[in-house]
Amino acid sequence: MANAPDAADTADVGRRADEAREAGGRIAPLDRRVFAVAGVVLAVLVGLSPRYGFHIDELYFLDCARHLQASYVDQPALAPLLARVSLSLFGVSEVGLRLWPALAAAGTVVVGGMTAREFGGARRAQLLAAVATGTMPVLLGGAHIANTTSYEVLAWAAIALVVVRIGRTGDTRWWLVAGVLVGIGAEFNHLAAIFGTVLLAAVVLGPARRTAADRRLLVGTATAVLLVLPDLWWQARHGWVMFAMTRALNGENGGPGNIPTWVVGQLGMSCLAMTVLWLAGLRFLWRSGRPLWRCLVTVYAVLFVLFAVTTGAQVYYLGGLYVCLLAAGAVGLDGWLHSRPDRPRGLLIGTAASTALLAVIVLPVLPPADAAWTYDVSTNSGESLGWPQLVGTVRQVWTGLPPGQRANAVIFAADYGEAGAIDELGRGTGLPTAVSAHNTDWWWGPGNPHATTVVAVVPGPEHAPEYAAHLSRYFRHVRVAATLSNPDGVHNIEWGGHVYVCSGPRRPWGETWPELRTYA
């Protein structure tokens with residue numbers, strides 16, 4: 001009787017089968033372990049979702065969810081729409097709100113494995129691509145917070161996957177899928193539209209136009225435009241405020257001084273040990289001989305320079321494209337990695353070590369009181385602390401006003417996070433709805449335009465310098481009623497801020513409102 005094959009023999013047979021499929025023009029089946037990696041990422045994110053509290057952006061998005069509209073100053077409509085679904089299903093819940101970005105992160109891991117498969121990668125290359133994607137700090141940190149980052153990363157990764165498939169098969173019917181992905185991605189974050197525009201230019205103006213540019217590309221482009229029409233309609237009706245917002249962000253984050261920050265920041269898009277993988281991915285794509293695959297390198301180079309100059313401090317803007325690069329590197333380095341047994345082992349150890357280090361920084365792993373040192377590297381944890389205390393402080397000031405004065409007062413928050421905290425965490429505690437002049441909040445109005453007292457909640461002096469003097473331009477009496485802090489000692493945006501009671505308006509509050517608008 002023949003001996004049963006051991007595990008090594010079985011693995012070798014599977015590897016030879018994968019290689020035979022590739023040699024015959026087919027690609028290997030998707031490795032089921034990719035889904036296991038995605039499941040681990042989902043479990044980690046969901047497990048950590050109730051720690052600390054809401055992030056400053058999440059409080060704003062919850063406010064936006066209660067003001068559903070076709071677009072907003074700083075993002076399109078779909079992320080606030082998901083926040084509204086979360087409110088309907090789970091109420092004001094960190095776990096419920098963060099379920100959607102966690103699912104997006106798990107989907108991105110699967111897309112990473114699928115992209116390696118489209119590049120011709122066998123099962124071990126697919127698994128490596130999934131692990132590389134699942135350990136990206138931009139994915140883990142972005143998916144812990146329910147803003148637009150996780151959806152943007154998924155959209156970019158999925159668009160790149162479709163492009164890779166078209167480049168491999170020549171089947172341009174997939175341009176319609178690409179158009180749908182660009183349109184949906186742009187309804188989560190405008191960056192997807194920038195990616196789609198640069199990709200379109202690279203295809204039409206480069207060698208790939210001979211094989212990939214046809215009427216289906218035009219149909220895909222038209223589909224993307226149709227999907228973003230609600231956003232464009234809203235922007236047109238509101239003076240194209242997204243451009244004013246972009247100028248404000250560029251003024252804060254762009255310029256020559258932030259270019260080194262951008263360049264160094266790209267090394268943190270993947271875990272440090274996987275940097276060699278995406279660098280090899282660029283080489284793999286450029287040397288592939290496939291014009292459409294080479295377009296992805298061109299797009300990366302153009303966007304790298306564009307973002308470095310305009311928004312250098314926002315180092316994560318290219319995060320979604322690294323999923324494709326990591327997958328390409330996993331395939332390109334597969335033979336080299338497995339030519340010596342110590343290489344995969346070393347990469348695995350380095351990945352585990354660097355992922356553990358970066359996870360402490362971008363995820364709420366540490367006790368809150370021990371997270372202060374991470375704030376200079378990533379603000380994720382720091383901006384999730386202190387909101388209940390802020391609401392409690394504001395409530396003390398508000399209830400301390402004489403009833404007659406309180407009847408003609410409004411709560412004004414200098415930033416959208418403060419307004420969101422009061423509106424969401426202070427709901428049902430006797431506090432009124434807060435107003436703010438920050439970003440989209442300004443468009444929702446000043447509350448009572450005839451208010452004679454304004455309780456102003458203002459961040460720390462580093463983020464709102466000389467704000468008392470600013471308030472004095474509009475009120476004759478401005479006094480400090482309370483100082484903001486948090487019990488964990490994290491010097492975040494709100495640390496050292498104040499709650500002011502402003503009375504004696506120099507002009508009616510409604511007339512003052514247009515001068516307070518702030519985009520940042």
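Quick note: residue numbers are just sequence positions, from 1.
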Taking atom CE of Met269 as the centre, does the number of heavy atoms from other residues, nucleotides or ligands within less than 6.0 Å exceed 12?
yes
So does Arg343 have more than 12 non-hydrogen atoms from other groups sitting under 6.0 Å from CZ?
yes
Enter the distance from Leu154:CG to Leu103:CG here, rounded to the nearest 0.5 Å.
10.5 Å
Nearest 0.5 Å please: distance from the CG atom of Leu181 over to the OG1 atom of Thr223.
11.0 Å
Do the non-hydrogen side-chain atoms of [X] and [Y] ever get within less than 4.5 Å of each other?
X: Tyr52; Y: Leu366; value: yes
X: Leu277; Y: Leu128; value: yes
X: Trp293; Y: Arg168; value: yes
X: Gln266; Y: Tyr322; value: yes
X: Val219; Y: Trp175; value: no
X: Val95; Y: Phe90; value: no

Is there a donor-acceptor pair under 3.5 Å between the side chain of [X] and the backbone N or O of [Y]?
X: Gln69; Y: Cys64; result: no
X: Gln235; Y: Tyr72; result: yes
X: Trp156; Y: Val323; result: no
X: Asn258; Y: Ala313; result: no
X: Asp488; Y: Val490; result: no
X: Asp342; Y: Arg345; result: no

How close do Val365 and Leu48 get, counting heavy atoms only, and between which atoms?
CG2-CD1, 4.4 Å
List for me each residue that meets salt bridge (Lys or Arg N to Asp or Glu O under 4.0 Å) alongside Arg33, sequence neighbours excluded, and say none if there are none.
Asp31
With Arg51, which residues qualify under salt bridge (Lys or Arg N to Asp or Glu O under 4.0 Å), at least two apart?
none
Between the side chains of Arg98 and Ser49, does any donor sit under 3.5 Å from an acceptor?
no
Parallel, tilted or perpendicular: which fits the ring planes of Tyr416 and Tyr60, with parallel below 30° and perpendicular above 60°?
parallel
What class does the angle between the rings of Phe304 and Tyr300 fall in, given that below 30° is parallel, 30 to 60° is tilted and above 60° is perpendicular?
tilted
